[in-house]
Every structure is written in structure tokens, then in C-alpha cells.
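Written out below as C-alpha cells is the structure these notes cover.
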Amino acid sequence: MENLKYVFRNFSLPVPTFDHLKQFQREYERQHNAKLTNSQALAIILDEHKKSQEVS
């Protein structure tokens, strides 16, 4: 992913969605012993979603 271009935007999330993001980060850290930023966690979630849509 080193050669990817990045887009920086500010946006808001509903509290339940943000809570889900934080829970994903905590679970990822527990499973992989690695911390993620909010951006990294969101990128993983969106990539997983994209992959799940390709299978359908």
C-alpha cells in the first residue's frame, strides 16, 4: 500500500457507528497485537465490505 495516493477529508459518524469502529480496532489489536488508526481501521472495514460485495 506504500504507492497508494491518499485523500484527506473530515467527516462525522453517528455515535453507534463510531463505537463499532472503536470495537473493531480493539478486536484487531487483540488478534494481531497491532494498533490501528481510525483511518486504517476504516480502510480495512471498507476493503472487507468491497470484497464481500464481489462474491455476491
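This chain uses plain numbering: 1 for the first residue, then up along the sequence. The structure presented is a predicted model; accordingly, all values stated were derived computationally and were not measured.
Rounded to the nearest 0.5 angstrom, Ser39 OG and Phe8 CZ are separated by 7.5 Å. Between the CG atom in Asp47 and the NZ atom in Lys50 there is a gap of 7.0 Å [rounded to 0.5 Å].
Donor-acceptor pairing under 3.5 Å is recorded for the side chains of Lys22 and Gln25.
Taking every heavy atom of both residues into account, Leu21 and Leu42 meet most closely at CD1-N, 3.8 Å. Contact detail for Lys35 and Gln40: the closest heavy-atom pair is O-OE1, 4.1 Å.
In the displayed structure, His32 atom NE2 is contacted under 6.0 Å by more than 12 heavy atoms of other residues, nucleotides or ligands.
Under a hydrophobic-cluster definition in which Ile, Leu, Val, Met, Phe, Trp and Tyr are linked whenever side-chain heavy atoms come within less than 4.5 Å, directly or via other members, Phe11 and Ile44 are assigned to the same cluster. Note: the hydrophobic cluster containing Leu46 also contains Tyr28 (ILVMFWY, side chain heavy atoms under 4.5 Å, direct or indirect links).
Contact of the Glu48 side chain with the Phe24 side chain is registered, since non-hydrogen atoms from C-beta on lie closer than 4.5 Å.
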Give the C-alpha distance, both sets of side-chain angles, the deciding distance and a yes or no for side-chain hydrogen bond (donor to acceptor under 3.5 Å, both in side chains) between Gln23 and Glu27.
CA-CA 6 Å; Gln23 185 57 40; Glu27 184 62 22; 4.7 Å; no

